[in-house]
Amino acid sequence: MNDFFSMEEPLYQLPDDAEKDTLYTIDDDLEDMEEFDEEDESDAGESVAAKSAPSPPGILIKTMLTPVEGWKSLRRARFTKDEVARKCFYPIVGFAAFSEGASIFYEANYSISDWAIEGLCTFITFFFGYFVARLLGMHILPADSRAFLKKDIGGQFIMIAMSSLALFWSAIQIVPMFDPVLVFLPIWTIYMIYKGAKVMRIPAENRTKSIGLLCLLVIGVPILCSYLLTEFLISNPQI
């Protein structure tokens, strides 16, 4: 019996080949597949983020519908001033100029040359209106609010507000029969500016004064430009 338990050779022995094999191995192909899946997921995440990234026109519409959320989106988007101008402000101002041609359908003696002159005046009104409004704002706004307009976000703020004004102007030209109602649409631009002042971190102690001056600049400067251009180019075509 003792001889039985003292046998040198064990009752069961794995073959030499089996001893070399491990119980669990990770195939290289499986590792490559996992890495590939991770890359796919990251690429998919980047593509979704790219698709969901806001555009300047989208932010304009969002600001017109929900001003607070729209202005917040503008701050988070971190656009450049030139990007907002190229993708939103200039095209909308161009559309406002083009909308002057709608008078052909409502006025008997309206000609193509009238359309060209009035369209040019409308484009200049908003194009130069933006630069004049921003330049004046840097001098007449309270001292602690001027720094806001010197930044890119300040220029974008003026452009978005003035773009809404250009859209309202286009609506008045396209459906002039609703002029008595549409003429009050710029009040919505004032509301947008009012809601955006806090989001843009204009100091609270001078916020009311700054809002009033911003509204005066964004709406008043284009009106003044339009009046001057109408007087010199349309009322006096011989000049």
Side-chain angles (χ1 to χ4, degrees), residues 52-93 95-96 122 125-172 181-227:
S52 62
S55 63
I59 285 183
L60 170 63
I61 299 301
K62 186 175 182 179
T63 305
M64 293 175 67
L65 298 176
T66 54
V68 174
E69 295 302 320
W71 292 126
K72 287 181 180 179
S73 296
L74 181 65
R75 287 192 68 93
R76 289 193 294 263
R78 299 185 181 277
F79 294 125
T80 63
K81 180 168 51 47
D82 294 336
E83 189 176 2
V84 175
R86 187 178 66 256
K87 295 183 179 180
C88 182
F89 183 62
Y90 294 155
I92 289 177
V93 170
F95 177 75
T122 298
T125 291
F126 289 104
F127 181 80
F128 283 104
Y130 158 72
F131 293 101
V132 173
R134 191 180 181 196
L135 181 62
L136 289 177
M138 293 178 185
H139 292 85
I140 68 175
L141 256 64
D144 53 357
S145 300
R146 295 174 190 173
F148 156 71
L149 286 181
K150 295 179 181 179
K151 299 177 182 178
D152 257 20
I153 189 66
Q156 295 171 32
F157 182 87
I158 298 293
M159 279 191 281
I160 291 294
M162 205 167 281
S163 294
S164 70
L165 198 64
L167 283 178
F168 298 149
W169 177 259
S170 301
I172 292 173
V181 177
L182 298 179
V183 73
F184 293 103
L185 284 177
I187 295 176
W188 194 255
T189 300
I190 296 175
Y191 178 71
M192 288 168 56
I193 295 172
Y194 167 75
K195 287 294 186 180
K198 184 176 181 180
V199 178
M200 296 299 161
R201 300 171 186 170
I202 294 178
E205 54 271 17
N206 290 315
R207 188 174 297 158
T208 301
K209 183 178 180 180
S210 298
I211 290 172
L213 291 173
L214 284 171
C215 292
L216 179 64
L217 292 172
V218 170
I219 297 177
V221 169
I223 291 175
L224 179 61
C225 291
S226 178
Y227 171 78

Which value, rounded to the nearest 0.5 Å, describes the distance between [X] atom [atom1] and [Y] atom [atom2]?
X: Ile153; Y: Thr80; atom1: CD1; atom2: OG1; result: 11.0 Å
X: Ile193; Y: Ile160; atom1: CD1; atom2: CD1; result: 12.0 Å
X: Met200; Y: Ile211; atom1: CE; atom2: CD1; result: 12.0 Å
X: Ile187; Y: Met192; atom1: CD1; atom2: CE; result: 14.0 Å
X: Lys72; Y: Lys198; atom1: NZ; atom2: NZ; result: 9.0 Å
X: Leu65; Y: Leu60; atom1: CG; atom2: CG; result: 9.0 Å

Tell me, please, which residues at least two apart from [X] pass side-chain contact (heavy atoms from CB on, under 4.5 Å).
X: Ser73; value: Ile59, Lys62, Arg76
X: Leu136; value: Val132, Leu217, Val221
X: Leu224; value: Leu228
X: Arg86; value: Glu83

Taking all atoms of both residues into account, what is the closest heavy-atom pair of [X] and [Y], and its distance?
X: Leu182; Y: Ala171; result: CD1-O, 3.6 Å
X: Arg75; Y: Val199; result: CD-O, 3.3 Å
X: Leu165; Y: Pro186; result: CD1-CB, 3.7 Å
X: Gln156; Y: Leu74; result: OE1-CD1, 3.5 Å

**OP:** Return the set of residues passing ring-ring contact (aromatic ring centres under 6.0 Å, His included) with Phe127 (not counting sequence neighbours), or none when no residue passes.
**Re:**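 Checked Phe127 against ring-ring contact (aromatic ring centres under 6.0 Å, His included); matches are Tyr90, Phe123, Phe131.
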Original post:
Which residues satisfy the ring-ring contact (aromatic ring centres under 6.0 Å, His included) test with Tyr191, sequence neighbours excluded?
Top reply: Trp188
Original post:
Taking only residues two or more places apart in sequence, or in another chain, which ones meet Arg134 in a side chain to side chain donor-acceptor pair (under 3.5 Å)?
Top reply: Tyr130
Subject >> Residues in side chain to side chain donor-acceptor pair (under 3.5 Å) contact with Thr189, at least two apart in sequence or another chain >> reply: Ser164
**OP:** Would you list the pairs meeting ring-ring contact (aromatic ring centres under 6.0 Å, His included) in which at least one residue belongs to residues 62-85, sequence neighbours left out?
**Re:** Trp71-Phe157
Original post:
Do any N or O atoms from the side chain of Ser163 and from the backbone of Met159 form a donor-acceptor pair under 3.5 angstrom?
Top reply: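 Confirmed, Ser163 side chain pairs with Met159 backbone.
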**OP:** Answer yes or no: is there a side-chain heavy-atom contact under 4.5 Å between Phe126 and Ile92?
**Re:** no
Original post:
Do Val218 and Ile190 come close enough that some side-chain heavy atom pair is under 4.5 Å?
Top reply: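 In short, these two side chains do not touch, never coming nearer than 4.5 Å.
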Just list the side-chain donor-acceptor pairs under 3.5 Å for residues 137-152, sequence neighbours left out, or say none.
| from | atom 1 | to | atom 2 | distance (Å) |
| --- | --- | --- | --- | --- |
| His139 | ND1 | Leu135 | O | 2.9 |
| Asp144 | OD1 | Asn206 | ND2 | 3.0 |
| Asp144 | OD2 | Asn206 | ND2 | 3.0 |
| Ser145 | OG | Ser210 | OG | 2.9 |
| Arg146 | NE | Leu141 | O | 2.6 |
| Arg146 | NH2 | His139 | O | 3.1 |
| Arg146 | NH2 | Leu141 | O | 3.3 |
| Asp152 | OD2 | Lys81 | N | 3.2 |

